Amino acid sequence: LLLSFLLSSPASGFAESRYKIADNTLIFNMTVAEQGYAFDGGLESYDEDEVISYLFDNPEITTLRVTGPGGSASASSAIAEYLARHNINTEAFGECDSACAHIFLGGETRTLSPEAKLGFHRTWIDREYIKKNYVENRIEEGWDDEFDYATMLFGSAIASMVEDVEFMLSRGVDIDFILRIFSTDSFNMWVPSQEELLEAGVLTE
């Protein structure tokens, strides 16, 4: 009885997993650490390979159930595009913000669990990562100075924004909703009502 309680108790840590398969659903909780990986509390670059591998290796999975505060934009785009190509459904639970909401949009059908919320804002750039990237790659990339680097970053940001707009339009999201996302400051969060999400085509049901 004691062993059964420990295995079923969330406080024990055994019940929580970053990736878990239940019937035809892959549950991805980016707020849970994965053994052997760095953990910052959100979507990490390694999640791209892990989530796609789970989906590829388990073709019976038809739904990705996801939650988390966001994180790596490149990982979210790769996962969302994989979902869209393979007609996999999405369901958000808890608070699904930023990159998590972008993953959600990849779903064929898109639904919310009770009390779930989606949060949107413009993407942002990590200052420390940018500084490190410049120092480590300036010679190889041929950046004469910070201004060359800033020019590259600006062009990359615009291209990424266009890709995001095109992707959301392809998922049936209303352009006014998309513009509202890009009008929301990177360090704020817009949490639309369920009615707004349905009207804009973010939710399919």
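All of these numbers come straight from a predicted model, not from anything done at the bench. Hydrogens, waters and symmetry mates play no part in the numbers below; they use all other heavy atoms, side chains included.
Pairing each heavy atom of A92 with each of C96, the nearest pair is CB-CB, 4.0 Å. The minimum heavy-atom distance between F104 and V202, with the atom names listed, is CE2-O, 3.8 Å. Nearest heavy-atom pair across S45 and S72 is N-CB, 4.2 Å. The two residues P69 and T31 come nearest to each other via the heavy atoms CD-CG2, 3.9 Å. Residues L43 and A99 come closest through the heavy atom pair CD2-CB, 3.8 Å. Residues G201 and V173 share a closest heavy-atom pair of O-CG2, 4.4 Å.
Here the straight-line distance linking atom CE of M168 with atom CD1 of I178 works out to 5.0 Å at 0.5 Å rounding. Here the CD1-CD1 distance, from I27 to I61, works out to 10.0 Å after rounding to the nearest 0.5 Å. Note that the CD atom of E81 and the OG atom of S76 stand 9.0 Å from one another [nearest 0.5 Å]. Put simply, CG on L26 and CD1 on I88 are 8.5 Å apart, with the number rounded to the nearest 0.5 Å. The structure places CZ of F93 at 14.5 Å from CD of E115, a figure rounded to the nearest 0.5 Å. Taking CD of E199 as the reference point, atom OG of S193 lies at 8.5 Å (rounded to 0.5 Å).
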Exercise. Which is it for E48 and I52 under the side-chain contact (heavy atoms from CB on, under 4.5 Å) test, yes or no, and what are the steps along the way?
Worked result: CA-CA 6 Å; E48 174 184 339; I52 291 175; 4.1 Å; yes
Exercise. Passes side-chain contact (heavy atoms from CB on, under 4.5 Å), E108 versus R171? Steps please.
Worked result: CA-CA 8 Å; E108 178 70 11; R171 308 311 293 157; 4.3 Å; yes
For this session: Show your working on side-chain contact (heavy atoms from CB on, under 4.5 Å) between L118 and D97 and close with a plain yes or no.
Result: CA-CA 5 Å; L118 297 177; D97 296 330; 6.0 Å; no
For this session: Starting from the C-alpha separation in whole Å, work towards a yes-or-no answer on side-chain contact (heavy atoms from CB on, under 4.5 Å) for D164 and S160.
Result: CA-CA 6 Å; D164 286 346; S160 178; 4.2 Å; yes
Problem set entry | Stepwise ring pair (Phe, Tyr, Trp, His ring centres under 6.0 Å) check, F120 with F177 | CA-CA 10 Å; F120 299 89; F177 188 94; 5.3 Å; yes
For this session: Dump the intermediate steps for side-chain hydrogen bond (donor to acceptor under 3.5 Å, both in side chains) on N137 and Y149, then the final yes or no.
Result: CA-CA 10 Å; N137 297 289; Y149 186 49; over 6 Å; no
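Results of the side chain to side chain contact (heavy atoms under 4.5 Å, CB included) test with L198 over E195, Q194, E196 single out Q194 as the only residue that passes.
A donor-acceptor pair is defined here as one N or O able to donate and one able to accept, closer than 3.5 Å; such a pair exists between the side chain of R110 and the backbone of G107. The main-chain N or O of S74 is never found under 3.5 Å from a side-chain atom of S77 such that the two would form a donor-acceptor pair. Although no hydrogens or angles enter the test, the distance criterion places a donor-acceptor pair under 3.5 Å between the side chain of D145 and the main chain of F147. Side-chain atoms of R122 never come within 3.5 Å of backbone atoms of I181 as a donor-acceptor pair (strictly under, hydrogens ignored). At least one donor-acceptor pair under 3.5 Å links the side chain of S183 to the backbone N or O of L179. Remark: side-chain polar atoms of S53 are paired, donor with acceptor, to backbone N or O of D49 under 3.5 angstrom. Between the side chain of T25 and the backbone N or O of I21, no donor-acceptor pair lies under 3.5 Å. In this structure, the side chain of H121 engages the main chain of S186 through a donor-acceptor pair within 3.5 Å. N188 places no side-chain N or O within 3.5 Å of a backbone atom of T184 that could act as its donor or acceptor partner. Formation of a donor-acceptor pair under 3.5 Å by the D40 side chain with backbone atoms of G42 is not found in this model.
Between F28 and T67 there is no side-chain heavy-atom pair separated by less than 4.5 Å. Looking only at side-chain heavy atoms (C-beta outward), I103 and L64 come within less than 4.5 Å of each other. The shortest side-chain heavy-atom distance between Y134 and K131 does not fall under the 4.5 Å cut-off. Under the 4.5 Å side-chain criterion, counting only non-hydrogen atoms from C-beta, T63 is not in contact with T90. Using a 4.5 Å cut-off on side-chain heavy atoms (C-beta onward), D144 and R138 make no contact. Annotation: side chain of Y82 is not in contact with side chain of V51 (no heavy-atom distance under 4.5 Å). Contact check for T111 versus L203: no side-chain heavy atoms found under the 4.5 Å cut-off. Two residues are said to be in side-chain contact when any heavy atoms from C-beta on lie closer than 4.5 Å; L105 and L83 fail this criterion.
There is no side-chain donor-acceptor pair under 3.5 Å between Y19 and N29. Between the side chains of T62 and N24, at least one donor N or O lies within less than 3.5 Å of an accepting N or O. Side chains of E50 and Y37: a donor on one and an acceptor on the other come within 3.5 Å.
The distance between the ring centers of H102 and F167 falls below 6.0 angstrom.
Comment: E91 engages R65 in a salt bridge, judged by a side-chain N to carboxylate O separation of less than 4.0 angstrom. A salt bridge links R18 to D47: at least one charged side-chain nitrogen sits closer than 4.0 Å to a carboxylate oxygen.
Heavy-atom neighbours of F39 CZ from other residues, nucleotides or ligands within 6.0 Å: above the threshold of 12. Within 6.0 Å of CD1 on I139 lie no more than 12 heavy atoms contributed by other residues, nucleotides or ligands. Summarising the local packing, CG of D23 is surrounded by 12 or fewer heavy atoms from other residues, nucleotides or ligands at distances under 6.0 Å.
No chain of hydrophobic side-chain contacts below 4.5 Å, direct or via other Ile, Leu, Val, Met, Phe, Trp or Tyr residues, connects V162 to L153.
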